[in-house]
Amino acid sequence: MRLSQLFTKTSKNVPADETSKNAQLLIQAGYVYKEMAGAYVYLPLGLMVVENIKKVVREEMNAIGSNELIMTGLQRKDIWEKTGRWSDEAVDIWFKTRLQDDTELGLGWSHEEPIVEMLKQYISSYKDLPISLYQFQTKMRNELRARSGIMRGREFVMKDMYSFHASAEDLDAYYDKTIEAYKRVYDRLGLADDTYVTFASGGAFTKFSHEFQTICDAGEDVIYLHRGKNIAINEEVIDDAVKELGINRDELEKVKTAEVGNIFNFGTQKTDEMGLRFADDSGNPSSIYMGSYGIGITRVMGVIVEKFSDDKGIVWPEVVAPAKVYLALLGDAPEVVKDADALYEQLTRAGVTVLYDDRGCRPGEKFADADLLGIPYRVVVSSKTHESGAYETKGRTASE
RNA sequence: CGGGGAGUGGCGCAGUCUGGUAGCGCACGCGGUUUGGGACCGCGGGGUCGCAGGUUCGAAUCCUGUCUCCCCGACCA
């Protein structure tokens, strides 16, 4: 992409009404625009990052046999009433609205109930199981207080996956498979070193659910960690977990984290409540086992910015960066422009993503923007490089 | 929802205490000089001070109400 054609620009001033690092840097660099508290526009560069994260997640979910779909943002009241989760007492973050004929609707904050309802039409026999489905959805949650920039919004992009099984064993096996897939996701996103599979509350069928927690000062969670044994426990279940796992609490280190993913074993509770069943090999109706697995895509983006930045700006891991190379054209000498144009084309043809800074601004501004934007590699094309016949390249974090 | 802070050109701020009809930096436009780490000089455009009401000859400034934003807490299937 040519920067001369990009409508956003970087700013020297950071917004005063944001104190979180991720929001400041993302707004300053032109990745996001704040529409209101907890709701951000993903501008062209920001969208590229979101899509890059989604690509990694998509590949790993596909690899464990899940099917992608997109469900609706509008949701039916009657479906959620079946599990008692329509009421504001049960779920206090609902955005609700109504049709012109006064029919009440909800804006999706999760899709467990709707997907179970939908599957009644597609699952009838054990031959139809197991099934795993996922989507990237904009979730709407009426949080009391939005905060931490894009890390906790009222509207955010989430990957949610749901799996359905004929037996508890089959669900357990898939649950474990998903844990491994999630590990690969965070590994590819550059977060592996600081991300822990964490025991947490909320399992309906098992004692604990699992969360993926990334060490991050801007996070909202606290976990207890044993780096050596690779054990992590959310503060909310620390007493139970210590007992259950037979470990000494004193050996655990207390750290602040951000929840970047979670997985739930629902057992047959939800499918039973909603009447989703299958015929086993004897033709008898049987309960279906369900798992639910989430990754906050935009939150992950925020966490990455929080963790990977320096005094000059963002330092994106290569897989998520909006481009791999920042091509800085210095000066406007025709032969130099020709060099840069040619290199841009050559790299693009070779499948290397490039932000081509063909703007008429001064070198210092281009270097500063390259750093602020956090592009992994910078290539300079100038009259000097035209003379020498060699381009200058530099890694984002390399010193001059 | 409780506590604290803040709303003044697109962004960052000063001015508010001690009312007299708005200023600076960035950004933007024009001209010129520049051109390897966010250049410099000159000229210029853009706000009526979150919104509503009140006090006053006169309100960004005082009073009342209200909306919004940020931080801490509570909350977070």
Side-chain angles (χ1 to χ4, degrees), chain A residues 7-21 23-24 27-30 33-40 80 83-94 106 108-113 139-149 151-154 156 158 160 162 200-204 209 211 218-222 234-236 258-259 262-266 269-270 292-294 296 299 311-313 326 328-333 336 357 359-373 378-388 391-392 394 399-400:
Chain A
F7 85 91
T8 58
K9 53 186 165 188
T10 60
S11 167
K12 286 187 200 171
N13 295 325
V14 300
D17 68 349
E18 295 276 9
T19 56
S20 74
K21 197 200 301 183
Q24 285 188 340
I27 291 171
Q28 192 189 355
Y33 167 82
K34 181 184 199 165
E35 181 69 27
M36 65 182 90
Y40 293 82
W80 287 90
T83 57
R85 292 213 288 175
W86 175 258
S87 101
D88 293 325
E89 285 73 54
V91 175
D92 62 2
I93 47 151
W94 270 115
W109 59 276
S110 176
H111 284 72
E112 281 139 5
E113 274 76 347
K139 305 293 186 193
M140 304 289 191
R141 298 188 182 184
N142 198 350
E143 301 279 1
L144 228 39
R145 181 185 157 207
R147 76 181 118 185
S148 308
M151 287 174 65
R152 184 181 181 78
R154 297 197 166 95
F156 58 95
M158 182 172 180
D160 44 327
Y162 308 95
S201 68
S209 71
E211 293 172 342
E220 300 179 348
D221 292 334
V222 172
N234 193 307
E235 187 177 41
E236 62 192 19
E259 181 186 333
N262 65 19
I263 62 182
F264 263 76
N265 182 330
F266 272 103
Q269 183 196 322
K270 194 161 297 290
S292 172
Y293 319 82
R299 175 180 286 180
D311 57 332
K312 291 176 179 169
Y326 192 97
L329 161 64
L330 305 192
D332 57 2
V336 178
D357 193 347
R359 299 172 302 171
C361 58
R362 299 164 59 88
E365 200 172 336
K366 298 193 177 193
F367 298 152
D369 278 348
D371 289 340
L372 176 61
L373 287 167
R378 188 183 81 193
V379 175
V380 171
V381 176
S382 66
S383 52
K384 275 190 208 169
T385 66
H386 183 75
E387 298 292 313
S388 69
Y391 306 116
E392 290 171 26
K394 169 186 170 303
S399 54
E400 208 64 45

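On a predicted model such as this, the values are computed, not experimentally measured, just so you know.
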Please list, for nucleotides 71-74 of chain B, all pairs of protein and nucleotide N/O atoms separated by less than 3.5 Å.
residue : atom : partner : partner atom : Å
C72(B)  : OP2  : R145(A) : NH2          : 2.6
G73(B)  : N7   : R145(A) : NH1          : 3.3
A74(B)  : N6   : R147(A) : NH2          : 3.3

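- Look at K34(A) and you won't find any side-chain N or O under 4.0 angstrom from OP1 or OP2 of C69(B).
- Across all their heavy atoms, W80(A) and E113(A) have their closest contact at CZ3-OE1, 3.1 Å.
- Here R362(A) pairs with nothing under the side-chain contact (heavy atoms from CB on, under 4.5 Å) rule; sequence neighbours left out.
- Remark: the backbone N or O of R359(A) is paired with a side-chain donor or acceptor of K366(A) at under 3.5 angstrom.
- Only the C1' atoms considered, G10(B) is 7 Å distant from A27(B), to the nearest whole Å.
- The side chain to side chain donor-acceptor pair (under 3.5 Å) search around S292(A) returns E112(A), not counting sequence neighbours.
- A side chain to side chain contact (heavy atoms under 4.5 Å, CB included) with L329(A) holds for exactly one of V336(A), D357(A), V380(A); it is V336(A).
- Closest to the side chain of R141(A), out of G38(B), C13(B), A77(B), is A77(B).
- In this structure, the side-chain contact (heavy atoms from CB on, under 4.5 Å) partners of H111(A), at least two apart in sequence or on a different chain, are M71(A), Q75(A), Q135(A), Q137(A), K139(A), D160(A), Y162(A).
- Within 6.0 Å of CG in D88(A) there are more than 12 heavy atoms belonging to other residues, nucleotides or ligands.
- Remark: G10(B) base-pairs with C26(B); criterion is Watson-Crick or G-U wobble with both hydrogen-bond distances under 3.5 Å.
- Checked against side chain to side chain donor-acceptor pair (under 3.5 Å), E259(A) has the following partners two or more places apart in sequence or in another chain: N262(A).
- Comparing V91(A) and L372(A) along RNA chain B, the residue whose closest nucleotide (by nearest heavy atom) sits nearer the 5' end is L372(A).
- Protein atom CG of D371(A) is 9 Å distant from nucleotide atom C1' of G37(B), rounded to whole Å.
- Between the P atom of C76(B) and the CZ atom of R85(A) lies a distance of 14 Å, rounded to the nearest Å.
- Using atom C1' as the reference point in both C41(B) and U68(B), the two lie 41 Å apart (nearest Å).
- C76(B) is unpaired under the criterion used here, namely a Watson-Crick or G-U wobble arrangement in which both key atom distances are under 3.5 Å.
- A distance-only check finds a donor-acceptor pair linking the side chain of W94(A) to the backbone of R85(A) [under 3.5 Å].
- Nucleotides G15(B) and G25(B) are separated by 15 Å at their C1' atoms, to the nearest Å.
- Put simply, CG on D311(A) is 14 Å from P on G38(B), counting in whole angstrom units.
- Under 3.5 Å, the side chain of R152(A) and the base of C76(B) form at least one donor-acceptor pair of N or O atoms.
- Contact annotation for E392(A): base contact, defined as any heavy-atom pair under 4.0 Å involving a base atom.
- C69(B) is paired with G5(B) under the Watson-Crick or G-U wobble criterion, all donor-acceptor distances under 3.5 Å.
- To the nearest 0.5 Å, atoms CZ (F156(A)) and CZ (R299(A)) are separated by 7.5 Å.
- Among all heavy-atom pairs drawn from G38(A) and A146(A), the shortest one is CA-CB, 3.5 Å.
- Nucleotides C51(B) and G4(B), compared at atom C1', are 23 Å apart to the nearest Å.
- The same atom, C1', is picked in U61(B) and in U21(B); the two are 12 Å apart, to the nearest Å.
- Taking atom CG of residue N142(A) and atom P of nucleotide A77(B), one finds them 16 Å apart after rounding to whole Å.
- Within the nucleic acid shown, E220(A) comes within 4.0 Å of at least one base atom, counting heavy atoms only.
- In this structure, R359(A) atom CZ and G37(B) atom P are separated by 16 Å, rounded to whole Å.
- Under the Watson-Crick or G-U wobble criterion, with both distances below 3.5 Å, U48(B) is left unpaired in every strand shown.
- In this entry A59(B) has no Watson-Crick or G-U wobble partner, no candidate having both defining distances under 3.5 Å.
- Among the atoms of the strands shown, none is found under 4.0 Å from any heavy atom of K366(A).
- When rounded to the nearest whole Å, the span between CD of E365(A) and P of C26(B) equals 13 Å.
- Spacing between U18(B) and C63(B) at atom P, rounded to whole Å, works out to 10 Å.
- Along RNA chain B, the nucleotide nearest to D221(A) and the one nearest to D369(A) differ in position, and the one closer to the 5' end is contacted by D369(A).
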Protein-nucleic acid N or O pairs under 3.5 Å, nucleotides 31-35 of chain B:
residue : atom : partner : partner atom : Å
U34(B)  : O2   : R362(A) : NH1          : 2.8

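- Contact between Q28(A) and N13(A) at its shortest, heavy atoms only, is CG-O, 4.0 Å.
- In this structure, CZ of R154(A) is placed 11 Å from C1' of U68(B), rounded to the nearest angstrom.
- To the nearest whole angstrom, the two P atoms, one in C71(B) and one in G47(B), are 32 Å apart.
- If you take CD1 of I27(A) and P of C70(B), they are 10 Å apart, rounded to a whole angstrom.
- V380(A) comes within 4.0 angstrom of a base, heavy atoms only.
- Between C28(B) and G54(B), the two P atoms lie 42 Å apart (nearest whole Å).
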